[in-house]
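These notes are about the structure you will find just below.
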Amino acid sequence: MSTNAKNTIRPEFLKNFTTKVKDRYILLEKGNPQFKDISSLVGSINQTVNQIIQELNLKIVDRQLPYITLKTCYGNVADKRVRVFLHNDDTDFLYECDIQTQIEDEREISHILDLLVAASLKKITISSLSCDAELIIDYKLLKAAIIDILLDIVMFNSYSFLKRMNIADKKKFSQEKYLFFKNEQLYCFYDCPTDKMMYYSLSFSARFGEDDFNIDDYINYWNRFINQYYPNNEHIEKSIKEQIKQHVDFEELRKDIPQMFDELPKGAYLLLRTNKDRTEDLHPMLYSLFGIKRYRKGRIKIVPIEDFDKYRVLMEHLDISAYKIVK
């Protein structure tokens with residue numbers, strides 16, 4: 001087996017071949033001792049959240065979901081992609097006051113969540129720092145809580161008619177999710193009040209433990225919510241040509257790929273392409289799939305997304321690039 005880095009198994013392998021990736025930021029005070037391993041935590045969050053998004057993409061066949069990359073920043077909320085303010089009892093009081101002032105002055109961010117790290121708690125409440133909500137959370141559940149926030153960002157950005165909203169409508173949308181949770185009497189992993197809240201992630205209702213997230217429940221809640229609050233809005237996916245342009249190696253792909261979908265029925269597909277680096281043990285499977293007798297980079301195959309499990313091992317080793325296409 002080749003030792004090339006590309007042959008390392010990548011659990012979030014579909015993300016490797018798409019430029020459809022959102023960046024969002026976590027804001028925190030530099031030098032806080034409890035957050036000294038923040039880079040490691042952020043790396044773990046990114047891998048896990050993108051694995052969940054990958055599973056969502058394989059089950060949701062009517063639209064593309066973007067992937068996401070969480071990054072850290074310090075000092076201010078000038079970047080409009082900040083979504084989480086992370087702090088604890090050791091965070092400097094004047095720094096918190098400064099952040100609160102910035103948040104109160106900010107008019108171009110749809111929502112910011114205040115995450116206060118406190119032992120043995122997992123509670124959603126009104127934020128004292130003028131954020132849209134506060135999660136008082138044990139450090140061991142911090143990863144799960146941030147993932148739950150990121151997932152709703154991804155789901156929101158998967159609907160064409162939601163992305164066109166202005167800031168006021170986006171804030172209203174966040175409150176509607178809370179009303180849906182309350183009116184439907186959904187379960188919530190976190191302790192959540194029944195009074196009016198400005199924010200709710202539907203992920204909160206699909207989580208049952210630190211590492212226990214029910215993807216089918218999550219899809220179901222979003223479908224029910226959209227059908228109830230936005231029944232007359234239709235998602236319009238980008239054209240196949242535009243979707244293919246989001247493949248990281250678009251310039252190397254054959255130009256006739258969009259035409260290859262002309263005779264295929266509506267649905268979701270995986271565009272598979274042989275890569276330069278490969279795992280020799282998997283050659284027989286590759287030869288059979290692509291109808292070749294020796295390995296060549298750039299061979300194309302389109303398969304229904306339902307056939308994913310047949311070829312998963314090829315995707316995990318990145319022997320092939322796999323890109324979702326929605327027709």
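What you are looking at is a predicted structure, and each value in this text was computed from that prediction instead of being measured.
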Next on the checklist: A side-chain contact here means heavy atoms from C-beta on lying under 4.5 Å apart; do D132 and K171 qualify?
Outcome noted: yes
Checklist entry - Does K301 NZ have over 12 foreign heavy atoms under 6.0 Å away? => result no
Checklist entry - Would you say E234 and F161 make side-chain contact, with heavy atoms under 4.5 Å? => result no
Checklist entry - Side chains of T274 and R299: donor-acceptor distance under 3.5 Å anywhere? => result no
Item to check | Identified salt bridge (Lys or Arg N to Asp or Glu O under 4.0 Å) partner of D249 from the options R273, R254, K297 | outcome: R273
Checklist entry - Looking only at heavy atoms, which two atoms of E104 and S130 are closest? And how far apart? => result OE2-OG, 2.8 Å
Item to check | Side-chain donor or acceptor of K327 paired with backbone N/O of D262 under 3.5 Å | outcome: yes
Checklist entry - Got a second to check how far Y311's OH is from E316's CD, nearest 0.5 Å? => result 15.0 Å
Next on the checklist: Is there a side-chain contact between N183 and L179 in this structure, where contact means two heavy atoms from C-beta onward sitting under 4.5 Å apart?
Outcome noted: yes
Checklist entry - Sequence neighbours excluded, which residues qualify as side-chain contact (heavy atoms from CB on, under 4.5 Å) partners of A145? => result L115, L135, I137, Y190
Checklist entry - So, N46 side chain and L70 main chain: donor-acceptor pair closer than 3.5 Å or not? => result yes
Checklist entry - Who else is in I112's hydrophobic cluster (ILVMFWY, side-chain heavy atoms under 4.5 Å, direct or via others)? => result Y25, L27, V77, V82, F85, Y95, I99, I103, I109, L129
Next on the checklist: Let me confirm one number: the CZ-CD distance from R224 to E184, rounded to the nearest 0.5 Å.
Outcome noted: 5.0 Å
Next on the checklist: Checking the side chain of S160 only, and the main-chain atoms of I236 only, is there a donor and an acceptor separated by less than 3.5 Å?
Outcome noted: yes
Checklist entry - Apart from L264 itself, which Ile, Leu, Val, Met, Phe, Trp or Tyr residues share its cluster (side-chain heavy atoms under 4.5 Å, direct or through members)? => result I240, I244, F250, L253, I257, M260, F261, Y269, L271, I300, I302, Y323, I325
Next on the checklist: Under a 3.5 Å cutoff, is there a donor and acceptor pairing between the side chains of Y230 and E176?
Outcome noted: yes
Checklist entry - Are the side chains of K245 and T19 in touch, meaning some heavy atoms are under 4.5 Å apart? => result no
Item to check | Working for side chain to side chain contact (heavy atoms under 4.5 Å, CB included), residues V154 and I52 | outcome: CA-CA 11 Å; V154 166; I52 296 174; over 6 Å; no
Checklist outcome for this item: To the nearest 0.5 Å, atom CG of D23 lies from atom CZ of R83 at 11.5 Å
Item to check | R10 side-chain N/O to E12 backbone N/O, donor-acceptor pair under 3.5 Å | outcome: no
Checklist entry - Once you round to the nearest 0.5 Å, how far does NZ of K255 lie from NZ of K241? => result 9.5 Å
Checklist outcome for this item: Note: with side-chain heavy atoms under 4.5 Å as the link, the other cluster members for V326 come out as none
Checklist entry - Which pair of non-hydrogen atoms, one from Y74 and one from E29, has the smallest distance, and what is that distance? => result CD2-C, 3.9 Å
Next on the checklist: We want to know whether H283 and D319 form a side-chain donor-acceptor pair, criterion being a heavy-atom distance below 3.5 angstrom.
Outcome noted: no
Item to check | Rounded distance [0.5 Å steps], OG1 in T48 versus CD1 in I147 | outcome: 4.5 Å
Item to check | Co-membership, hydrophobic cluster, residues F208 and L141, 4.5 Å side-chain | outcome: yes
Checklist entry - Distance-only, no hydrogens or angles: does the T91 side chain make a donor-acceptor pair with backbone N or O of N88 under 3.5 Å? => result yes
Next on the checklist: Taking NZ in K80 as the centre, count heavy atoms belonging to other residues, nucleotides or ligands within less than 6.0 Å. Is the count above 12?
Outcome noted: yes
Next on the checklist: Taking the side chain as everything from C-beta on, heavy atoms only, tell me whether Y199 gets closer than 4.5 Å to C131.
Outcome noted: no
Checklist entry - Hey, are the side chains of M315 and L272 touching, using non-hydrogen atoms and a 4.5 Å cut-off? => result yes
Next on the checklist: Please confirm whether the ring centroid of Y221 lies under 6.0 Å from the ring centroid of F225.
Outcome noted: no
Checklist entry - Looking at S203 and F213, what are the two nearest heavy atoms and their distance? => result O-CE1, 3.6 Å
Checklist entry - Do Q54 and N50 have side-chain atoms, one donor and one acceptor, less than 3.5 Å apart? => result no
Next on the checklist: With ring-ring contact (aromatic ring centres under 6.0 Å, His included) as the criterion, how do F173 and Y229 come out once you've worked through the C-alpha distance, each side chain's angles and the decisive distance to 0.1 Å?
Outcome noted: CA-CA 9 Å; F173 180 86; Y229 283 84; 8.6 Å; no
Checklist outcome for this item: Here the pair of heavy atoms bringing L113 nearest to A133 is CD1-CB, 3.6 Å
Next on the checklist: Under 3.5 Å, is there a donor on one side chain and an acceptor on the other for D98 and T101?
Outcome noted: no
Next on the checklist: Counting only heavy atoms from other residues, nucleotides and ligands, does the tally under 6.0 Å from NZ of K163 exceed 12?
Outcome noted: yes
Next on the checklist: Looking at every non-hydrogen atom in both residues, tell me the closest pair between F17 and A322 and how far apart they are.
Outcome noted: CD1-N, 3.8 Å
Checklist entry - side-chain hydrogen bond (donor to acceptor under 3.5 Å, both in side chains) with Q64: which residues, sequence neighbours excluded? => result Q243
Next on the checklist: Is the shortest side-chain heavy-atom distance between I68 and R24 below 4.5 Å?
Outcome noted: yes
Checklist entry - If two hydrophobic side chains count as joined below 4.5 Å and joins carry through other members, does I136 share a cluster with V84? => result no
Item to check | Worked check of side chain to side chain contact (heavy atoms under 4.5 Å, CB included) between S158 and I60 | outcome: CA-CA 10 Å; S158 70; I60 296 175; over 6 Å; no
Checklist entry - Side chains of T69 and K15: do they bring a donor and an acceptor to under 3.5 Å? => result yes
Next on the checklist: Are L186 and M198 connected into the same hydrophobic cluster when the rule is that any two of I, L, V, M, F, W, Y join if their side-chain heavy atoms are below 4.5 Å apart?
Outcome noted: no
Checklist entry - Would a hydrophobic clustering, with Ile, Leu, Val, Met, Phe, Trp and Tyr connected at side-chain separations under 4.5 Å, put I38 with Y139? => result yes
Item to check | D89 atom CG: more than 12 heavy-atom contacts under 6.0 Å | outcome: no
Checklist entry - Is L116 reachable from F189 through a run of hydrophobic residues whose side-chain heavy atoms are each under 4.5 Å from the next? => result no
Checklist entry - Of all residues at least two apart in sequence or in a different chain, which pass the side-chain hydrogen bond (donor to acceptor under 3.5 Å, both in side chains) check with Y200? => result S205
Checklist outcome for this item: To the nearest 0.5 Å, atom CG of D169 lies from atom OG of S110 at 11.5 Å
Checklist entry - Between K59 and D216, is a salt bridge (Lys or Arg N to Asp or Glu O under 4.0 Å) present by the stated rule, with each step listed? => result CA-CA 9 Å; K59 291 192 173 190; D216 292 328; 2.8 Å; yes
Next on the checklist: Would you say that more than 12 heavy atoms from the other residues, nucleotides or ligands in this model lie under 6.0 Å from the CZ of R81, or not?
Outcome noted: yes
Checklist entry - With no hydrogens and no angle check, is any side-chain donor or acceptor of N220 less than 3.5 Å from a backbone partner on N223? => result no
Item to check | Check against side chain to side chain contact (heavy atoms under 4.5 Å, CB included), D114 and H87 | outcome: CA-CA 8 Å; D114 163 14; H87 60 119; 2.4 Å; yes
Item to check | Parallel, tilted or perpendicular: rings of W222 and Y218 (30°, 60°) | outcome: perpendicular
Next on the checklist: For a 4.5 angstrom cut-off between non-hydrogen side-chain atoms, does M155 reach L65?
Outcome noted: yes
Checklist entry - Have E242 and Q246 got a donor and an acceptor in their side chains that come within less than 3.5 Å? => result no
Checklist outcome for this item: Residues R294 and Y287: closest non-hydrogen pair is C-CE2, 3.7 Å
